[in-house]
Amino acid sequence: WLSSGVGSEGGTLSVRRAPSPAMAAPTKDEVIAILREGEIADSIALAGTKGWDHDKLVGVIKSLDADGWTTCVASKIEGWKLTAEGEGCVDKGSPEAQVFNLVQAKGSATKADLDEALGEAGKVGSGVAIKNRWIAVDKATKAFTPSVDSIVDEVMADLKAVATLPREKLDALKKRKLVQPTSTTTFNVKKTDKFGSASKAVAEVTSEMILKGTWKDTEFKPLNFNAVSGLKPRAGCLHPLMKVRTEIRNVLLLMGFEEMPTNQWVESSFWNFDTLFQPQQHPARDAHDTFFVDTPAQAQNLPTDYLEAVREMHEKGGRGSTGWRYDWSEDEAKKNILRTHTTSVSSRTLYKMAEEYKKTGVFTPRKYFSIDRVFRNETLDATHLAEFHQVEGFIADRNLGLGHLIGVLKEFFLRLGVGGLKFKPAYNPYTEPSMEIFGYHPLLKKTVELGNSGVFRPEMLLPMGLPEDVTVVAWGIGLERTAARMYNIRGVRELFSHEQDIAESRRRGMTWLTRAEA
């Protein structure tokens, strides 16, 4: 390769050809002999003159430096080297010049002629040669003919003089992948007062030196405190949101909950809305609140029997319910969306439980939870994001009620460090009764909203085929808001958006959840 530039000490470095890897390795005595006559001004130049491998020479230089015989100063040289394609251009000419020479020699040449004679160079060079107006294409025969008598191959000339080219030409050659930047280090080596001394400095104290007392008269190598610790390890670090997620997940697992699979971000409106007894005219299903998927626009393979049961419940109701009394649309139910809540995951899980009950005739009570991302077409502000994480859980068993739900919620939030729970009646399309959850936050020193909860409506559960005496209590909270309270962050955008400071991930400590007082 060829290189030129300015070293780290400011001196201008000349252009030279680097030693090849096949060159000989210098001995320590040969280098010492050269240093007896003076300093080594440039290790690369010396290696080239003597025919030595520069890397092996550097090893000898550093050995002498470690013995205290010499001091060396490193200088970095920035340069350019020819790529394999560039070396080919120096030997045969640029691709466009090769194309012109072939067309001129033949008088006329087709694309097949260029491919056969020049291969890849023909494909690359023909376009450039036409752009340079060296050759022309006959529209009728598609043959190439020369447009000029002779050319000057400036690319080959530039590659031969790459070390003296201006930056714009180097950039143009680099864009064509004919040259690439390179960097190497040369050393300036000078003798010290200890050069040639018989005694050698040692690196460390041995037990023998201590027993015999010889350490007092031994010369030790200086310690390099600047590099004593080496490179700082770049260890991975959990995002603060993931730290909180892990802690909440552990709390729920210790409470006996099973985790639901949540790896389906694209969901059908059927599972996201219709199975939850949410009417198709509900404002939450509007484009202002939901992200609809263009391709694929509709879901496939919805369970036919269950779909008809859901249609019946929406249109006519049943078992004490009057339904919503409208013409339910299967096309509307098949529309694909980005799921707006993880309750769609709960609905799928409950349907599987119902299918298991139909096969075995035995209903098994279960406790499930999920923590994953959901998407809403929200206006972004300090407490709202278009995508966020939702923590959701439910318990399915016979004859459950609000008392059971309140007891589970109190235990769950106590383990999160939040006590003094309060509940307020609320409305949800798929739970009745429904409650908003409030609790006292010790960091903010005030009562804050924590989440939502309720008992799933029979209109949601009965079409699945669950036993009539089975009830399901459920609740959900936002992971971002919970993490923001734990880390005393005012706005969720500082935690999970483009406004987040990534370096904070390293500075934030672990979230140790301490049980609150009841």
Open item on the list: For the CD atom on Q281, are there more than 12 heavy atoms of other groups (residues, nucleotides or ligands in this structure) within a distance under 6.0 Å?
Closed with: yes
Task: Backbone N/O of D372 and side chain of T262: donor-acceptor pair under 3.5 Å - done: no
Open item on the list: Per the salt bridge (charged side-chain N to carboxylate O under 4.0 Å, His left out) rule, what does the pair list look like for residues 301-311, sequence neighbours excluded?
Closed with: E308-R311, R311-E330
Task: Under 3.5 Å side-chain donor-acceptor pair for E85 and T83 - done: yes
Task: Positive for side-chain contact (heavy atoms from CB on, under 4.5 Å) with F369, one of L253, V251, I248 - done: L253
- [ ] Answer yes if the ring centres of F277 and W324 are under 6.0 angstrom apart, and no otherwise.
- [x] yes
- [ ] Name all residues meeting the side chain to side chain donor-acceptor pair (under 3.5 Å) criterion together with W328; count only those two or more places apart in sequence or in a different chain, and write none if there are none.
- [x] D274
Can I get a per-line list of side-chain donor-acceptor pairs under 3.5 Å for residues 399-412, giving both atom names and the distance, sequence neighbours left out?
{"residue": "H404", "atom": "ND1", "partner": "G401", "partner atom": "N", "Å": "3.1"}
{"residue": "E411", "atom": "OE1", "partner": "R515", "partner atom": "NH2", "Å": "3.0"}
{"residue": "E411", "atom": "OE2", "partner": "R415", "partner atom": "NE", "Å": "2.7"}
{"residue": "E411", "atom": "OE2", "partner": "R415", "partner atom": "NH2", "Å": "3.3"}
{"residue": "E411", "atom": "OE2", "partner": "R515", "partner atom": "NH1", "Å": "2.9"}

Task: Within 6.0 angstrom of E116 CD, more than 12 heavy atoms from elsewhere - done: no
Open item on the list: Does the structure place the NZ or CZ of K422 under 6.0 Å from the centre of the six-membered ring of F438, at an angle of no more than 45° from the ring's axis?
Closed with: no
Open item on the list: How close do A474 and F456 get, counting heavy atoms only, and between which atoms?
Closed with: CB-CZ, 3.6 Å
Open item on the list: Between N272 (side chain only) and S268 (backbone N and O only), is there a donor and an acceptor less than 3.5 Å apart?
Closed with: no
